[in-house]
Protein chains: 2
Amino acid sequence: MPATQLRAASPTGSRTGTREAILALALDLLQARGFNAFSYQHIADRLGIRKAAVHYHFPTKADLGLALVAHYRAQFEDWRGAQMEKGAGPLQLLRGYMAISLHFLRDGGKACPLGVLEAEFASLPPPLREAVTALDTELREFLAGVLEAGRRAGIFRFDGPAADKVLVITASLQGGLHIARAAGARSFTRMLRQLERDLGITND
Amino acid sequence: MPATQLRAASPTGSRTGTREAILALALDLLQARGFNAFSYQHIADRLGIRKAAVHYHFPTKADLGLALVAHYRAQFEDWRGAQMEKGAGPLQLLRGYMAISLHFLRDGGKACPLGVLEAEFASLPPPLREAVTALDTELREFLAGVLEAGRRAGIFRFDGPAADKVLVITASLQGGLHIARAAGARSFTRMLRQLERDLGITND
DNA sequence: GTCTATAACGTGATAGAC
DNA sequence: GTCTATCACGTTATAGAC
């Protein structure tokens, strides 16, 4: 998923896609290195522009962080919309959601943006913390609906509230992506299979 | 767990426990803020000494990181030794392990040291990465033994290899501690209950 | 073992020309 | 919208006195 980005120069020499290019690259850096471990300089170097140009689009790093969360949220909404349009069922939705994490892993060992920001939570600007909390809640509510629908339909089997099962699944996905850096990519695919076993999903 | 630390002045005005005090505080900072989000200055300020004194004990931050992993590993070995000494069974061992994470959470919303370092993995000095990988492997091997013994004894019920189930549990614990920063402490205790349900443990 | 002082660098951020 | 130039600050790290 190279993401939707740049190219499409305006009549002048300026590129109207710079803002989007910054967002796409910054999201990559966030997922690969963490919010505190990438800088405006890194972005400028890899985009072939100057730091000041980055500051023009995102005056402070808190602004950039907020835009990153909004960007990721928009990507999720797009994905959800596409799934709904093709009438995906609970199993397809859950596996599709897991596949997103798998794509992150295979794209250079990236982690979940939310998982990264929550790991660095205490050092984040307060407005960014609030945005993280809001998106985290939204994602878990979506997944709880998927799990509950799947259980009613006899596709998933688990005890307890769907909201609690969601906590195990999202924590596993976020934590599993981090562990995979130390334990290898195979650890994550094995973990995914175990998550399915724990839901009573039988693989032929 | 205020940790074992300082006090016990030597004949001169110097404290022989400075090294241990640095380690204890740095571990706190690592778990609360992350490896990239605490500095020698933070340590010096809170200990009432100068930065140079910290560098005397741990010349580079990589040295400090390696010592932190060794320190945490020693704490785990102590805990494991105490459990073995009192003949703890699989359920007691698993719950004791989960309780460690719960203590972290309640001690100011700290996370697992390994979970934090794995989240920042790409930005860590290579030697530190290797130490993280080694300890991560050791902890999962220990837990796999606990799970397998518990399954044989009819205490735990789960499908698939114990090593895979361990991946779900450790990823859940590490990820759950991060999510708790955004979702609140209750999310973590609910997740722990779900982990027990998923192991067929019945709570009266 | 701890201190003062400083070096060398990277960071987020701003001013003002083009 | 991007540039050059600069600032103020925090960072890791070292030298040398006490």
Side-chain angles (χ1 to χ4, degrees), chain A residues 5-26 29-30 32-68 117 120 122-129, chain B residues 5-26 29-30 33-68 117 120 122-128:
Chain A
Q5 70 189 60
L6 68 163
R7 297 319 96 161
S10 68
T12 81
S14 67
R15 286 191 181 80
T16 52
T18 298
R19 186 192 148 92
E20 282 67 34
I22 293 171
L23 278 178
L25 173 58
L29 290 169
L30 171 70
R33 300 181 48 87
F35 191 74
N36 293 315
F38 79 85
S39 69
Y40 276 57
Q41 189 66 63
H42 293 140
I43 295 172
D45 288 348
R46 289 185 42 181
L47 251 42
I49 57 179
R50 306 297 126 188
K51 276 197 307 176
V54 183
H55 277 285
Y56 168 80
H57 293 281
F58 306 97
T60 72
K61 204 172 178 186
D63 293 328
L64 177 55
L66 285 169
L68 284 176
L117 291 169
E120 303 180 277
S123 70
L124 301 181
L128 184 50
R129 286 186 226 172
Chain B
Q5 69 188 61
L6 65 165
R7 296 320 96 159
S10 66
T12 79
S14 68
R15 288 194 181 78
T16 51
T18 297
R19 187 191 147 92
E20 282 67 33
I22 293 171
L23 278 178
L25 174 59
L29 290 169
L30 171 70
R33 300 182 48 87
F35 190 74
N36 293 316
F38 79 84
S39 69
Y40 276 56
Q41 189 67 63
H42 293 140
I43 295 172
D45 288 348
R46 288 185 43 180
L47 252 39
I49 57 180
R50 305 299 124 187
K51 280 192 305 178
V54 183
H55 277 285
Y56 168 79
H57 292 282
F58 306 98
T60 74
K61 203 172 178 185
D63 293 328
L64 177 56
L66 285 169
L68 285 175
L117 292 170
E120 303 180 277
S123 70
L124 300 182
L128 185 50

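In what follows, chains are A, B, ... by sequence order, proteins preceding strands, each numbered from 1.
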Heteroatom pairs (N/O) under 3.5 angstrom, protein to nucleotides 9-12 of chain C:
| from | atom 1 | to | atom 2 | distance (Å) |
| --- | --- | --- | --- | --- |
| C/dT11 | OP1 | A/S39 | OG | 3.3 |
| C/dG12 | OP1 | A/K61 | NZ | 3.1 |
| C/dG12 | OP2 | A/Y40 | N | 3.0 |
| C/dG12 | N7 | A/K51 | NZ | 3.4 |
| C/dG12 | O6 | A/K51 | NZ | 3.3 |

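A/R33 places no side-chain N or O within donor-acceptor distance of the main-chain N or O of B/S123, the cut-off being under 3.5 Å. Judged by distance alone, with hydrogens and angles left aside, the side-chain atoms of A/K61 form a donor-acceptor pair with the main-chain N or O of A/F35 at under 3.5 Å. Side-chain atoms of B/K51 never come within 3.5 Å of backbone atoms of B/S39 as a donor-acceptor pair (strictly under, hydrogens ignored). Using modelled atom types, no side-chain atom of B/E120 and backbone atom of B/G34 make a donor-acceptor pair closer than 3.5 Å.
Every side-chain contact (heavy atoms from CB on, under 4.5 Å) that B/T60 has, sequence neighbours left out, goes to B/A62, B/D63. Applying the ring-ring contact (aromatic ring centres under 6.0 Å, His included) test to A/F58 and every residue at least two apart in sequence or in another chain returns nothing.
Here A/Y56 reaches the OP1 or OP2 of D/dG1: one of its side-chain N or O atoms lies under 4.0 Å away. Phosphate contact (OP1/OP2 of C/dT2, side-chain N/O of B/T18, threshold under 4.0 Å): present.
Atom P of nucleotide D/dG1 and atom CD of A/E20 are separated by 11 Å, given to the nearest angstrom. Nucleotide C/dC3 holds its C1' atom 12 Å from the NE2 atom of B/H57, rounded to whole Å. Atoms CZ (A/F58) and C1' (C/dT14) sit 18 Å apart, rounded to a whole Å.
The side chain of B/A52 has D/dA15 as its nearest neighbour among D/dA15, D/dT4, D/dT2.
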